[in-house]
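First comes the structure, then the notes that go with it.
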Amino acid sequence: MTGPLSAGDVIGDRYEIKQYIDEGGMQFVYAAIDKLANRVVALKTPKNNSATKRFRRSAVLAAKVNHPNVAKTLDYVREGDKRYLIEELIVGADLSKALLKKTSFLDPSLVAKVFHYMAKGLAAAHHAGVIHRDLKPTNVMMVGGYSISELKITDFGIAKMAEDELVEAAEGGEQTLSTSQTAVGALPYMAPEAIDTPKLVTRAADIWSLGAMIFHLLTGQQPFGTGLRAVHKIMEAKRPEPPPFVLRNPQFSPLAGELLEMAYACMQKDPVARPTADDLVAHCGALCYTVTQRAEGVVSRVEYDAWGFITSEGRHVFFHMDSVFGPPPKLAVGDQVLFSAYAGGGAPRAYPVLRIAAQ
């Protein structure tokens, strides 16, 4: 599928389609050359022509948000009965592809970094009076892989479109929730009120979604599951239990515990009881977490089932099993790992260490 546009098409006498990128539940996405500003941008157009009014309203709202952790809305073009949204192009991958492709969960420091960035972007949007309504991993773009040089929340520009489709899906009952592509993707992160009274959602619904995403990143599990089975659990809003490994290791448990408590605070059933995005920014700013660059390597040596070495880019990095975040079994020779390295006696030392899937 490549959508209705082709390479070489020019929109608004300014934006020349370069290539098709992807599609979401409601839009096609292209890379286009802005011939006036001489830059490459993202061009989005709705799949359904009946959504054009909502598309414009979304663009006007999203243009109010200007923050490094939010993809910037640049322009809106109307040609006949067609509508186009021009957005900053992020050359990277969405969170699920960038961070959850090789492992189902992340170590607490990486989670804290993602949480902090997302909270700041969300706070900026909420200050501008914009509610996202559809926060999920595919709507968060990353640059720099596991080192995360940039993180931007996307698709504020289709917030009104998402609102209308999610309202329609929720009011249509469970069968409609299961057939709407947008609702299926959003459901694991939807607040109870977004299902029960979708026309009345506030900023607090975004806070719930953020908490659900953080729980997912830290534990490898959606807090209430997926599909229709999640609906009743979300409405019940019972605190989900993390897998034992998350809090078992004393080297990680203090930060992991703080992140879990923040996620739980976000996922309180009463929207008024949830923290604001500003509260989350302040709390994240008080966390102690590493932001050192991440590298990938292979375990090349293990001694006494307690320590060993990782080989990465021609160097040997010492690690201890206590610095590995994740469930059993322990690391073995040949395992692929992600780690940060620090100066140590003789050889650099790795912390934290995370097992990842082989490339």
Side-chain angles (χ1 to χ4, degrees), residues 1 20-29 42 44 69-71 87-119 121-122 132-159 162 165-166 178 180-191 194 206 208-227 229-230 234 240 242-243 246 259 263 266-267 294 296 325-326 336 338 354-359:
M1 185 68 176
Y20 168 82
I21 297 178
D22 205 350
E23 65 178 281
M26 292 172 285
Q27 61 184 341
F28 295 106
V29 185
K44 301 181 178 182
N69 297 123
V70 174
E87 213 177 64
E88 171 187 9
L89 179 67
I90 299 113
V91 183
D94 68 54
L95 191 152
S96 62
K97 294 175 183 175
L99 302 184
L100 298 179
K101 187 175 182 180
K102 297 181 180 180
T103 181
S104 61
F105 57 86
L106 304 175
D107 64 79
S109 282
L110 266 180
V111 175
K113 188 174 183 179
V114 171
F115 199 172
H116 203 171
Y117 281 154
M118 287 201 293
L122 199 57
H132 193 289
R133 295 179 173 86
D134 190 24
L135 273 182
K136 54 193 176 187
T138 53
N139 283 338
V140 179
M141 292 295 292
M142 320 280 297
V143 178
Y146 289 99
S147 293
I148 314 178
S149 58
E150 289 184 66
L151 180 149
K152 294 178 184 283
I153 301 173
T154 67
D155 283 350
F156 278 103
I158 60 166
E165 181 161 334
L166 290 171
S178 67
S180 164
Q181 184 178 341
T182 299
V184 168
L187 186 56
Y189 313 99
M190 285 176 71
D206 284 348
W208 171 290
S209 299
L210 181 54
M213 289 172 65
I214 295 309
F215 185 92
H216 180 188
L217 291 176
L218 185 64
T219 67
Q221 302 173 1
Q222 279 102 343
F224 304 100
T226 60
R229 294 179 181 178
I234 291 170
V246 174
L259 290 168
C266 293
M267 294 187 291
R294 298 301 179 101
E296 295 185 24
F325 182 73
Q336 303 272 343
L338 177 75
L354 186 68
R355 180 189 283 111
I356 59 177
Q359 298 184 29

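Reckoned from all heavy atoms, side chains included, excluding hydrogens, waters and symmetry mates. If you read the sequence from its start, that first residue is 1, and numbering goes on from there.
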Classify the ring geometry of Phe224 against Trp208: parallel below 30°, tilted from 30° to 60°, perpendicular beyond 60°. parallel

To the nearest 0.5 Å, what is the distance between CE (Met267) and CG (Leu210)? 10.0 Å

Mind checking the CG-NZ spacing from Leu99 to Lys101? Nearest 0.5 Å is all I need. 12.0 Å

With side chains defined as the heavy atoms from C-beta onward, is the minimum distance between Val91 and Val143 less than 4.5 Å? no

Could you measure the distance from the CZ atom of Phe105 to the CG atom of Leu218? Nearest 0.5 Å is fine. 9.5 Å

Are Glu87 and Val29 close enough that some pair of their side-chain heavy atoms sits under 4.5 Å apart? no

Taking every non-hydrogen atom, the tightest pair across Phe325 and Asp107: CD2-CA, 3.5 Å

For Thr154, does its backbone N or O pair with a side-chain atom of Asn139 as donor and acceptor, under 3.5 Å? no

Is there a donor-acceptor pair closer than 3.5 Å between any side-chain N or O of Ser209 and the backbone N or O of Tyr189? yes

Lys97 (side chain) donor-acceptor with Gly92 (main chain) under 3.5 angstrom: no

Is Thr103 reaching over with its side chain to a backbone N or O of Ile356, donor-acceptor style, under 3.5 angstrom? no

Audit row: Lys102, Glu296, side chain to side chain contact (heavy atoms under 4.5 Å, CB included) steps and yes/no: CA-CA 11 Å; Lys102 297 181 180 180; Glu296 295 185 24; 3.0 Å; yes

Over all heavy atoms of both residues, which pair between Ala212 and Pro188 is shortest? Give the atoms and the distance, please. CB-O, 4.1 Å

Between CG of Leu122 and CG of Leu135, what distance do you get to the nearest 0.5 Å? 5.5 Å

Passes side chain to side chain contact (heavy atoms under 4.5 Å, CB included), Glu150 versus Ile90? Steps please. CA-CA 9 Å; Glu150 289 184 66; Ile90 299 113; 5.7 Å; no

Which pair of heavy atoms, one from Ser96 and one from Thr138, lies closest together, and at what distance? OG-CG2, 3.8 Å

So, the side chain of Thr219 versus the backbone of Gln221: is there a donor-acceptor pair under 3.5 Å, distance only? yes

For the student: nearest non-hydrogen atoms of Gly211 and Ala263, plus distance: O-CB, 3.5 Å

Closest contact, heavy atoms only, Arg133 versus Asp206: N-OD1, 2.9 Å

To the nearest 0.5 Å, atom CG of Leu354 lies from atom CG of Leu338 at 6.0 Å

To the nearest 0.5 Å, tell me how far Arg294 CZ sits from Ser109 OG. 6.0 Å

Quick one: are Leu95 and Leu217 in side-chain contact, heavy atoms under 4.5 Å? yes

Verify side chain to side chain contact (heavy atoms under 4.5 Å, CB included) between Val114 and Met213, making sure each step is shown before the conclusion. CA-CA 10 Å; Val114 171; Met213 289 172 65; over 6 Å; no

Donor-acceptor contact present, side-chain Asn69 to main-chain Lys152, <3.5 Å: no

Between Met142 and Asp94, what is the shortest heavy-atom contact and its length? CG-C, 4.2 Å

